[in-house]
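Letters go in sequence order (proteins before strands), and every chain restarts at 1. Please read these numbers as outputs of a predicted model, since none were measured by experiment. Atom set for the values below is all heavy atoms of this structure, side chains included, hydrogens, waters and symmetry mates excluded.
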Amino acid sequence: MPELPEVETVARGLAKVLVGKRIARALVRRADLRLPFPKGLAQRLKGRTILKIDRRAKYVLVHLSEGLALLIHLGMSGRMLLGTGAAPKGKHAHFAIETEDGAHACLEDPRRFGCVDLANEIDLDRHRLLAGLGPEPFDPALDAKTFRERLARKRGPIKVALLDQALIAGVGNIYASESLFRSKILPTRPANSLSPSEVKALLADLRAVLSEAIASGGSTLRDHVRPDGELGYFQHHFAVYDKEGEPCPRCHSKAEILRIVQAGRSSFYCQRCQR
DNA sequence: CCTTGAACCTGCGGGC
DNA sequence: TGCCCGCAGGTTCAAG
(Lines give C-alpha, C1' and ligand atoms only; values in the text may rest on other atoms or scores of the structure.)
Protein backbone atom coordinates (compact mmCIF):
# COMPACT_ATOMS: atom_id res chain seq x y z
CA MET A 1 0.00 0.00 0.00
CA PRO A 2 2.06 2.82 1.24
CA GLU A 3 4.51 5.06 -0.48
CA LEU A 4 5.21 8.64 0.47
CA PRO A 5 1.80 10.05 -0.55
CA GLU A 6 -0.13 7.33 1.24
CA VAL A 7 1.94 7.65 4.41
CA GLU A 8 1.49 11.41 4.27
CA THR A 9 -2.27 10.90 4.01
CA VAL A 10 -2.23 8.51 6.95
CA ALA A 11 -0.16 10.91 9.06
CA ARG A 12 -2.49 13.82 8.30
CA GLY A 13 -5.56 11.75 9.00
CA LEU A 14 -4.19 10.52 12.30
CA ALA A 15 -3.10 14.01 13.30
CA LYS A 16 -6.53 15.43 12.69
CA VAL A 17 -8.07 13.10 15.25
CA LEU A 18 -5.29 12.38 17.72
CA VAL A 19 -3.20 15.50 18.28
CA GLY A 20 -3.74 16.99 21.72
CA LYS A 21 -5.17 13.79 23.16
CA ARG A 22 -3.79 11.61 25.91
CA ILE A 23 -3.13 7.92 25.50
CA ALA A 24 -5.25 5.96 27.97
CA ARG A 25 -3.69 2.67 26.97
CA ALA A 26 -1.88 0.88 24.21
CA LEU A 27 -2.62 -2.67 23.12
CA VAL A 28 -0.13 -5.09 21.67
CA ARG A 29 -1.74 -8.19 20.23
CA ARG A 30 1.09 -9.52 18.14
CA ALA A 31 4.57 -8.13 18.56
CA ASP A 32 6.44 -10.03 15.85
CA LEU A 33 6.24 -7.84 12.81
CA ARG A 34 9.32 -7.37 10.67
CA LEU A 35 11.01 -6.13 13.82
CA PRO A 36 9.92 -7.13 17.31
CA PHE A 37 8.13 -4.36 19.17
CA PRO A 38 10.31 -2.50 21.67
CA LYS A 39 10.20 -3.72 25.25
CA GLY A 40 7.61 -2.08 27.43
CA LEU A 41 5.94 -0.40 24.46
CA ALA A 42 2.46 -0.24 25.95
CA GLN A 43 3.72 0.90 29.35
CA ARG A 44 5.84 3.65 27.85
CA LEU A 45 3.00 5.04 25.75
CA LYS A 46 0.40 5.10 28.50
CA GLY A 47 -0.42 8.56 29.82
CA ARG A 48 1.54 10.48 27.19
CA THR A 49 0.00 13.30 25.23
CA ILE A 50 0.17 13.26 21.44
CA LEU A 51 1.81 16.53 20.43
CA LYS A 52 2.25 16.19 16.69
CA ILE A 53 2.13 13.59 13.93
CA ASP A 54 4.15 13.83 10.75
CA ARG A 55 6.19 11.72 8.37
CA ARG A 56 9.77 10.92 7.39
CA ALA A 57 10.20 8.81 4.26
CA LYS A 58 7.62 6.05 4.72
CA TYR A 59 7.55 6.28 8.50
CA VAL A 60 4.72 7.87 10.45
CA LEU A 61 6.18 9.77 13.39
CA VAL A 62 4.01 10.27 16.45
CA HIS A 63 5.61 12.88 18.66
CA LEU A 64 4.67 12.43 22.31
CA SER A 65 5.08 14.35 25.52
CA GLU A 66 8.27 14.01 27.55
CA GLY A 67 10.48 13.64 24.52
CA LEU A 68 9.31 10.30 23.20
CA ALA A 69 8.52 9.49 19.57
CA LEU A 70 6.64 6.52 18.16
CA LEU A 71 7.67 5.28 14.70
CA ILE A 72 5.24 3.30 12.57
CA HIS A 73 6.05 1.72 9.22
CA LEU A 74 3.23 0.14 7.23
CA GLY A 75 5.31 -2.25 5.14
CA MET A 76 3.49 -3.57 2.09
CA SER A 77 0.08 -4.31 3.53
CA GLY A 78 -0.23 -2.15 6.62
CA ARG A 79 -3.00 0.33 7.29
CA MET A 80 -4.20 2.47 10.13
CA LEU A 81 -7.80 2.36 11.22
CA LEU A 82 -9.40 5.10 13.24
CA GLY A 83 -12.54 4.74 15.25
CA THR A 84 -14.23 5.11 18.57
CA GLY A 85 -14.85 2.57 21.28
CA ALA A 86 -13.05 -0.74 21.44
CA ALA A 87 -10.19 -1.18 18.98
CA PRO A 88 -10.56 -3.84 16.25
CA LYS A 89 -9.64 -7.38 17.22
CA GLY A 90 -9.14 -9.00 13.84
CA LYS A 91 -6.31 -11.46 13.36
CA HIS A 92 -4.14 -8.78 11.76
CA ALA A 93 -4.87 -6.02 14.25
CA HIS A 94 -1.46 -6.07 15.89
CA PHE A 95 -1.25 -2.79 17.74
CA ALA A 96 -3.60 -0.05 18.89
CA ILE A 97 -3.70 3.02 21.03
CA GLU A 98 -6.78 4.28 22.81
CA THR A 99 -7.17 7.88 23.89
CA GLU A 100 -8.83 9.08 27.05
CA ASP A 101 -11.76 10.47 25.11
CA GLY A 102 -12.57 7.11 23.54
CA ALA A 103 -10.87 7.25 20.14
CA HIS A 104 -8.56 4.54 18.90
CA ALA A 105 -6.02 4.05 16.16
CA CYS A 106 -5.19 0.51 15.13
CA LEU A 107 -2.41 -0.92 12.99
CA GLU A 108 -3.51 -3.79 10.78
CA ASP A 109 -0.88 -5.55 8.70
CA PRO A 110 -1.58 -9.01 7.24
CA ARG A 111 1.90 -9.58 5.84
CA ARG A 112 3.63 -8.16 8.91
CA PHE A 113 6.32 -6.37 6.92
CA GLY A 114 5.65 -3.21 8.90
CA CYS A 115 7.26 -2.25 12.18
CA VAL A 116 6.79 -0.15 15.29
CA ASP A 117 9.56 1.42 17.34
CA LEU A 118 10.24 4.08 19.93
CA ALA A 119 12.90 6.77 19.90
CA ASN A 120 13.99 9.71 21.96
CA GLU A 121 13.03 12.94 20.27
CA ILE A 122 16.54 14.23 20.92
CA ASP A 123 18.21 11.73 18.62
CA LEU A 124 15.35 10.86 16.35
CA ASP A 125 17.42 11.69 13.27
CA ARG A 126 20.05 9.23 14.43
CA HIS A 127 17.58 6.43 15.07
CA ARG A 128 18.76 3.35 13.21
CA LEU A 129 15.66 3.24 10.99
CA LEU A 130 15.98 6.90 10.00
CA ALA A 131 19.70 7.61 10.05
CA GLY A 132 20.47 6.24 6.59
CA LEU A 133 17.62 7.91 4.76
CA GLY A 134 18.27 10.28 1.88
CA PRO A 135 16.61 13.66 1.44
CA GLU A 136 12.88 14.11 1.25
CA PRO A 137 11.70 14.72 -2.32
CA PHE A 138 10.19 18.05 -1.25
CA ASP A 139 13.24 19.21 0.67
CA PRO A 140 14.08 22.63 -0.83
CA ALA A 141 17.76 21.78 -0.31
CA LEU A 142 17.35 18.99 -2.84
CA ASP A 143 17.91 20.85 -6.09
CA ALA A 144 18.58 19.40 -9.51
CA LYS A 145 22.31 19.67 -9.05
CA THR A 146 22.31 17.75 -5.77
CA PHE A 147 19.99 15.13 -7.20
CA ARG A 148 22.24 14.74 -10.20
CA GLU A 149 25.29 14.27 -8.00
CA ARG A 150 23.49 11.57 -6.09
CA LEU A 151 22.35 9.78 -9.23
CA ALA A 152 25.84 10.04 -10.70
CA ARG A 153 27.06 7.56 -8.08
CA LYS A 154 24.75 4.87 -9.38
CA ARG A 155 25.50 2.69 -12.32
CA GLY A 156 22.35 0.61 -11.99
CA PRO A 157 19.00 1.39 -13.64
CA ILE A 158 17.38 4.72 -12.79
CA LYS A 159 14.20 2.92 -11.73
CA VAL A 160 16.13 0.95 -9.11
CA ALA A 161 17.97 4.10 -7.96
CA LEU A 162 14.66 5.85 -7.30
CA LEU A 163 13.71 3.04 -4.93
CA ASP A 164 16.94 3.45 -2.95
CA GLN A 165 15.80 5.14 0.26
CA ALA A 166 19.36 6.31 0.94
CA LEU A 167 19.42 8.18 -2.35
CA ILE A 168 15.98 9.77 -2.06
CA ALA A 169 13.46 8.89 0.63
CA GLY A 170 9.84 7.90 0.23
CA VAL A 171 9.63 6.85 -3.42
CA GLY A 172 8.18 3.40 -3.97
CA ASN A 173 7.45 1.10 -6.85
CA ILE A 174 4.39 2.90 -8.19
CA TYR A 175 5.69 6.45 -8.22
CA ALA A 176 9.09 5.40 -9.55
CA SER A 177 7.43 4.12 -12.71
CA GLU A 178 4.97 7.00 -12.87
CA SER A 179 7.59 9.73 -12.57
CA LEU A 180 9.86 8.13 -15.18
CA PHE A 181 6.93 7.92 -17.55
CA ARG A 182 6.16 11.56 -17.07
CA SER A 183 9.78 12.48 -17.72
CA LYS A 184 9.93 10.22 -20.78
CA ILE A 185 12.92 8.36 -19.39
CA LEU A 186 13.32 4.62 -19.80
CA PRO A 187 13.49 2.76 -16.47
CA THR A 188 16.47 0.79 -17.77
CA ARG A 189 18.71 3.81 -18.31
CA PRO A 190 21.75 3.79 -16.03
CA ALA A 191 21.16 6.38 -13.32
CA ASN A 192 24.46 8.05 -14.08
CA SER A 193 23.60 8.42 -17.76
CA LEU A 194 20.87 11.01 -17.30
CA SER A 195 21.65 14.45 -18.69
CA PRO A 196 21.34 17.52 -16.45
CA SER A 197 18.11 18.50 -18.14
CA GLU A 198 16.70 15.02 -17.72
CA VAL A 199 17.54 15.03 -14.02
CA LYS A 200 15.93 18.43 -13.63
CA ALA A 201 12.78 17.23 -15.37
CA LEU A 202 12.71 14.02 -13.37
CA LEU A 203 12.89 15.86 -10.06
CA ALA A 204 10.10 18.21 -11.10
CA ASP A 205 7.95 15.37 -12.41
CA LEU A 206 8.57 13.25 -9.34
CA ARG A 207 7.41 16.12 -7.16
CA ALA A 208 4.38 16.69 -9.35
CA VAL A 209 3.39 13.04 -9.30
CA LEU A 210 3.76 12.84 -5.51
CA SER A 211 1.89 16.12 -4.98
CA GLU A 212 -1.00 15.01 -7.11
CA ALA A 213 -1.24 11.73 -5.24
CA ILE A 214 -1.21 13.50 -1.89
CA ALA A 215 -3.82 15.92 -3.17
CA SER A 216 -6.12 13.10 -4.13
CA GLY A 217 -5.75 11.69 -0.66
CA GLY A 218 -3.13 9.13 -1.44
CA SER A 219 -3.61 6.52 -4.04
CA THR A 220 -5.18 3.27 -3.13
CA LEU A 221 -5.14 -0.32 -4.07
CA ARG A 222 -7.31 -2.93 -2.58
CA ASP A 223 -6.59 -2.62 1.11
CA HIS A 224 -6.06 1.05 1.75
CA VAL A 225 -8.48 2.74 4.10
CA ARG A 226 -8.22 6.39 4.94
CA PRO A 227 -7.40 6.97 8.55
CA ASP A 228 -9.98 9.71 8.87
CA GLY A 229 -12.65 7.05 8.58
CA GLU A 230 -14.00 8.13 5.23
CA LEU A 231 -14.39 5.41 2.66
CA GLY A 232 -10.96 4.31 1.56
CA TYR A 233 -11.72 4.01 -2.09
CA PHE A 234 -11.00 7.20 -3.89
CA GLN A 235 -9.46 6.23 -7.18
CA HIS A 236 -6.14 7.60 -8.20
CA HIS A 237 -5.21 7.37 -11.82
CA PHE A 238 -1.95 5.75 -12.81
CA ALA A 239 -0.60 6.30 -16.28
CA VAL A 240 1.50 3.14 -16.52
CA TYR A 241 1.62 1.31 -13.19
CA ASP A 242 -0.13 -2.06 -13.52
CA LYS A 243 -1.20 -1.11 -17.06
CA GLU A 244 0.71 -3.81 -18.92
CA GLY A 245 -0.77 -4.37 -22.36
CA GLU A 246 -2.80 -1.17 -22.40
CA PRO A 247 -2.19 1.62 -24.91
CA CYS A 248 -0.01 4.51 -23.83
CA PRO A 249 -2.19 7.33 -22.45
CA ARG A 250 0.19 9.91 -23.91
CA CYS A 251 1.26 8.79 -27.37
CA HIS A 252 -1.67 6.42 -27.92
CA SER A 253 0.62 4.33 -30.03
CA LYS A 254 -0.24 0.76 -30.70
CA ALA A 255 2.87 -0.09 -28.72
CA GLU A 256 1.46 -1.27 -25.47
CA ILE A 257 2.68 -0.49 -21.98
CA LEU A 258 5.37 -3.01 -21.13
CA ARG A 259 6.19 -4.71 -17.86
CA ILE A 260 9.72 -5.73 -16.98
CA VAL A 261 11.35 -6.91 -13.76
CA GLN A 262 14.20 -4.90 -12.25
CA ALA A 263 15.82 -5.85 -8.96
CA GLY A 264 12.90 -8.17 -8.40
CA ARG A 265 10.21 -5.51 -8.83
CA SER A 266 7.86 -4.79 -11.70
CA SER A 267 8.49 -1.70 -13.80
CA PHE A 268 5.99 -0.34 -16.33
CA TYR A 269 6.75 1.96 -19.23
CA CYS A 270 5.93 3.02 -22.77
CA GLN A 271 8.67 1.99 -25.13
CA ARG A 272 7.73 4.66 -27.62
CA CYS A 273 7.56 7.75 -25.37
CA GLN A 274 10.33 6.86 -22.97
CA ARG A 275 13.97 7.01 -24.06
C1' DC B 1 32.43 -0.12 -2.74
C1' DC B 2 28.06 -1.75 -5.94
C1' DT B 3 24.38 -4.80 -7.60
C1' DT B 4 21.27 -8.53 -7.68
C1' DG B 5 18.42 -12.06 -5.65
C1' DA B 6 16.28 -14.21 -1.97
C1' DA B 7 13.92 -13.91 2.21
C1' DC B 8 10.38 -12.31 5.30
C1' DC B 9 4.44 -13.32 5.38
C1' DT B 10 -0.37 -13.50 3.96
C1' DG B 11 -4.01 -13.00 0.61
C1' DC B 12 -5.94 -12.59 -3.88
C1' DG B 13 -6.89 -13.42 -8.67
C1' DG B 14 -6.15 -16.13 -12.84
C1' DG B 15 -5.71 -20.43 -15.17
C1' DC B 16 -6.72 -25.11 -15.40
C1' DT C 1 -15.70 -25.53 -7.10
C1' DG C 2 -10.95 -26.10 -5.83
C1' DC C 3 -6.05 -26.16 -6.28
C1' DC C 4 -1.67 -24.24 -7.73
C1' DC C 5 0.94 -20.54 -9.21
C1' DG C 6 2.37 -15.96 -9.57
C1' DC C 7 2.07 -11.64 -7.88
C1' DA C 8 1.60 -7.68 -4.46
C1' DG C 9 2.64 -0.72 -2.40
C1' DG C 10 8.93 -2.57 1.47
C1' DT C 11 13.24 -3.53 3.57
C1' DT C 12 17.29 -6.22 4.77
C1' DC C 13 20.87 -9.51 4.25
C1' DA C 14 23.93 -12.60 1.84
C1' DA C 15 26.52 -13.57 -2.04
C1' DG C 16 28.67 -12.40 -6.40
Please check the phosphate of C:dA8 (OP1 and OP2 only) for any side-chain N or O of A:S266 closer than 4.0 Å. yes
Give a yes/no on whether any side-chain N or O of A:Y241 is located under 4.0 angstrom from OP1 or OP2 of C:dG9. yes
Electrostatic pair A:E212:A:R182 at N-O distance under 4.0 angstrom: yes
Please list every stem that involves DNA chain B, where a stem is a run of 3 or more consecutive Watson-Crick or G-U wobble pairs with both pairing distances under 3.5 Å. B:2-8 with C:10-16, B:10-16 with C:2-8
Show me the protein contacts with nucleotides 2-6 of chain B, counting only N or O atoms at under 3.5 Å.
unit_1: B:dT3; atom_1: OP1; unit_2: A:R155; atom_2: N; d: 2.7
unit_1: B:dT3; atom_1: OP1; unit_2: A:G156; atom_2: N; d: 2.7

Taking CG from A:L4 and P from C:dT11, how many angstroms apart are they, rounded to a whole number? 11 Å
Would you say the base of B:dC9 and the side-chain of A:R111 have a donor-acceptor pair closer than 3.5 Å? yes
Starting from C1' on C:dG10, measure out to NZ on A:K159 and report it in whole angstrom. 12 Å
Please state the P separation for the pair B:dG5 and C:dC7 - nearest whole angstrom. 14 Å
Pick the P atom in B:dC1 and in C:dT11, then give their distance to the nearest Å. 22 Å
Could you check if a side-chain atom of A:E108 sits within less than 4.5 angstrom of a side-chain atom of A:M80, using non-hydrogen atoms only? no
Rounded to whole Å, the CE-P distance (A:M76 to B:dA7) equals 16 Å
Salt-bridge present (A:E198, A:R189; N to O < 4.0 Å): yes
Return the CZ to CZ distance between A:F181 and A:F268, rounded to the nearest 0.5 Å. 13.5 Å
5' precedence on DNA chain B between A:R34 and A:K91 (nearest-nucleotide basis): A:R34
Nearest whole angstrom, please: distance from the P of C:dT12 to the CG of A:L130. 11 Å
Protein-nucleotide distance (A:L163, atom CG; C:dT11, atom C1'), rounded to Å: 11 Å
Apply salt bridge (Lys or Arg N to Asp or Glu O under 4.0 Å) to A:K46 and list each qualifying residue two or more places apart in sequence or on a separate chain. none
Given atom CG of A:D109 and atom C1' of B:dC9, what is their separation to the nearest angstrom? 9 Å
So if you build clusters from Ile, Leu, Val, Met, Phe, Trp, Tyr with side-chain heavy-atom gaps below 4.5 Å, do A:F95 and A:V10 land together? yes
Is A:H73 close enough to C:dG10 that one of its side-chain N or O atoms is under 4.0 Å from OP1 or OP2 there? no
Separation of atom CD1 in A:I72 from atom P in C:dG10, rounded to whole Å: 18 Å
Could A:K58 and A:E6 be called an ion pair, given the rule that one side-chain N must be under 4.0 Å from one carboxylate O? no
Give a yes/no answer on whether the side chain of A:H92 brings an N or O atom under 4.0 Å of OP1 or OP2 in B:dG11. yes
Between A:D205 and A:S179: side-chain donor-acceptor atoms closer than 3.5 Å: no
Salt bridge between A:R79 and A:D109, side-chain N to carboxylate O under 4.0 Å? no
I need the CD1-P distance between A:I174 and C:dA8, as an integer number of Å. 11 Å
Run the salt-bridge test on A:D54 and A:R56 with the 4.0 Å N-O cut-off and return the result as yes or no. no
Quote, to the nearest angstrom, the C1' distance that separates C:dG9 from B:dT3. 23 Å
Is there ring stacking between A:F113 and C:dT11, where the centres must be under 5.5 angstrom apart and the planes under 30 degrees? no
At less than 4.0 Å, is any side-chain N or O atom of A:R265 found next to OP1 or OP2 of C:dG9? Yes or no. yes
